[in-house]
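Lettering follows sequence order; numbering is per chain, from 1.
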There are 2 protein chains.
Amino acid sequence: MTDEKAPERDPEAVSKFVESFAAQLVEAGLQRMPARVFAALLSSDTGTLTSSELSEQLKISPAAVSGAVRYLAQVHMVSREREPGSRRERYRVHAGQWYEALTNREAVIKRWEHALREGVDSLGADTPAGRRLAETLAFFEFIDGEVIAMMERWRVRREELFGAS
Amino acid sequence: MTDEKAPERDPEAVSKFVESFAAQLVEAGLQRMPARVFAALLSSDTGTLTSSELSEQLKISPAAVSGAVRYLAQVHMVSREREPGSRRERYRVHAGQWYEALTNREAVIKRWEHALREGVDSLGADTPAGRRLAETLAFFEFIDGEVIAMMERWRVRREELFGAS
DNA sequence: CCTTAACTTCACAAATTTCTGAAAGTAGCG
DNA sequence: CGCTACTTTCAGAAATTTGTGAAGTTAAGG
């Protein structure tokens, strides 16, 4: 009900959410800057922000934005887009895309499996320790398959709930 | 085939596995000392080690062991046992117990959900950002249920593979 | 081409985290 | 009751991580 034409959200409220969600991400193991940048994108209206918008909103240097975004892109939590006809770059969080990245723990799991296999070999499959490692390995192999099926079910569910593909 | 009565494993090989598996755990977000301690327990024959054994094997101070173990116990990755009739404490990794702790990310997820709910409220459920947050929230709620069912299936599977309950 | 707007890289200062030695508990055992 | 064998706590040194300013790079637009 103000006379502003674009209904600007209360920056105070946005910032409050950004910081509190970022804090949770940090606690879960993400670095601080990537967490804040990601939270900011998640709570933006378009799901996209430019480098300078991020820099301004979060009060951090362009260098920090650059580093954070590079990391986030690497783990597929955001994607980068070039605005045609401008040097400006836009960073985007696809609603449906990012938590699939959580799934990409898969790469991590593969490495765990590798390390465990080596362990089973070098300690001996017939030793108590070897057996313990083998069981852990079996667990991860199980998880591998389950996660894939689970994400399949989620896509179906999501369709039900929100319609859009 | 040596004349040693207890068939000591090659400490070299054990150490190699411990360090390489610990490295993976670190990369996944665990702190260094807890990771090393945990890997050492995982590759021990009995699945238990005393404080001084850990201290010696990993070449770290008793203080470091104490800190690492406190953390691991807190997140339920190891349990502590008192040897009756001795001040000595024993730390144990239950083969089937520890990866259930991975599941206890559950607590983490609950906090994420809380933060997201607040975000939806304060940004407005009818805004684009609000809708994005709501979808993310729905995803986590979905995961909650799935993980529980998945662990159920694992227990069945484990029974098949290894027999022991 | 040259200018300029944008992003990236790099070296370093600051903040944080990690590990240790030393001191202080705590409980078994004589 | 106190000695002894362990473990935990704590303050601080050392290592690591983080974020910045400044210089470097790249491409759009004149």
- What integer distance in Å separates B:Arg88:CZ from D:dT4:C1'? 13 Å
- Under 4.0 angstrom, heavy atoms only, what part of the nucleic acid is A:Tyr71 near: base, sugar-phosphate, or nothing? nothing
Side-chain donor-acceptor pairs under 3.5 Å in residues 54-75 of chain A, sequence neighbours left out?
unit_1  : atom_1 : unit_2  : atom_2 : d
A:Ser55 : OG     : A:Ile60 : O      : 2.7
A:Ser61 : OG     : A:Ala63 : N      : 3.4
A:Ser61 : OG     : A:Ala64 : N      : 3.1

- Task: Give A:Ser66 one of three labels, base, sugar-phosphate or nothing, depending on what nucleic acid heavy atoms sit under 4.0 Å from its own.
- Result: base
- Assign each of B:Ser51 and A:Ile60 to its nearest nucleotide of DNA chain D by heavy atoms, then name whichever residue's nucleotide is nearer the 5' end. B:Ser51
- Task: Go through the structure and list residues passing side chain to side chain donor-acceptor pair (under 3.5 Å) with B:Glu152, not counting sequence neighbours.
- Result: B:Arg155
- Those residues at least two apart in sequence (or on a different chain) that pass side chain to side chain contact (heavy atoms under 4.5 Å, CB included) with A:Glu160 are A:Val156, A:Arg157
- In residues 25-41 of chain B, which ones come under 4.0 Å of DNA chain C, going by heavy atoms? B:Gln31, B:Arg32, B:Met33
- Task: Could you list the residues that satisfy side chain to side chain contact (heavy atoms under 4.5 Å, CB included) with B:Ala23, not counting sequence neighbours?
- Result: none
- Apply ring pair (Phe, Tyr, Trp, His ring centres under 6.0 Å) to A:Tyr91 and list each qualifying residue two or more places apart in sequence or on a separate chain. none
Side-chain polar contacts of residues 115-122 of chain B - donor-acceptor pairs under 3.5 angstrom, sequence neighbours left out - could you list them?
unit_1   : atom_1 : unit_2   : atom_2 : d
B:Arg117 : NH1    : B:Glu141 : OE2    : 3.0
B:Ser122 : OG     : B:Glu118 : O      : 3.4

Might you list the N or O atoms of the protein lying below 3.5 Å from N or O atoms in nucleotides 27-30 of chain D, with each pair's distance?
unit_1 : atom_1 : unit_2  : atom_2 : d
D:dG29 : OP1    : A:Gly85 : O      : 3.0

- Rounded to whole angstrom units, what separation is found between the CD atom of B:Glu83 and the C1' atom of D:dT7? 14 Å
- Any side chain to side chain donor-acceptor pair (under 3.5 Å) involving residues 13-26 of chain B? Give me the pairs, sequence neighbours left out, ordered by first then second residue. A:Arg111-B:Gln24, B:Glu19-B:Arg36
- Task: For A:Arg32, look at atom CZ and say whether over 12 heavy atoms of other residues, nucleotides or ligands are found less than 6.0 Å away.
- Result: no
- Excluding sequence neighbours, so at least two apart, what forms side chain to side chain donor-acceptor pair (under 3.5 Å) with A:Thr46? A:Thr48
- Note on the structure: DNA chain C: first to last nucleotide in contact with chain A (atom under 4.0 angstrom from a heavy atom), 5' to 3', is C:dA5 to C:dT9
- Who passes side chain to side chain donor-acceptor pair (under 3.5 Å) against A:Arg87, sequence neighbours left out? none
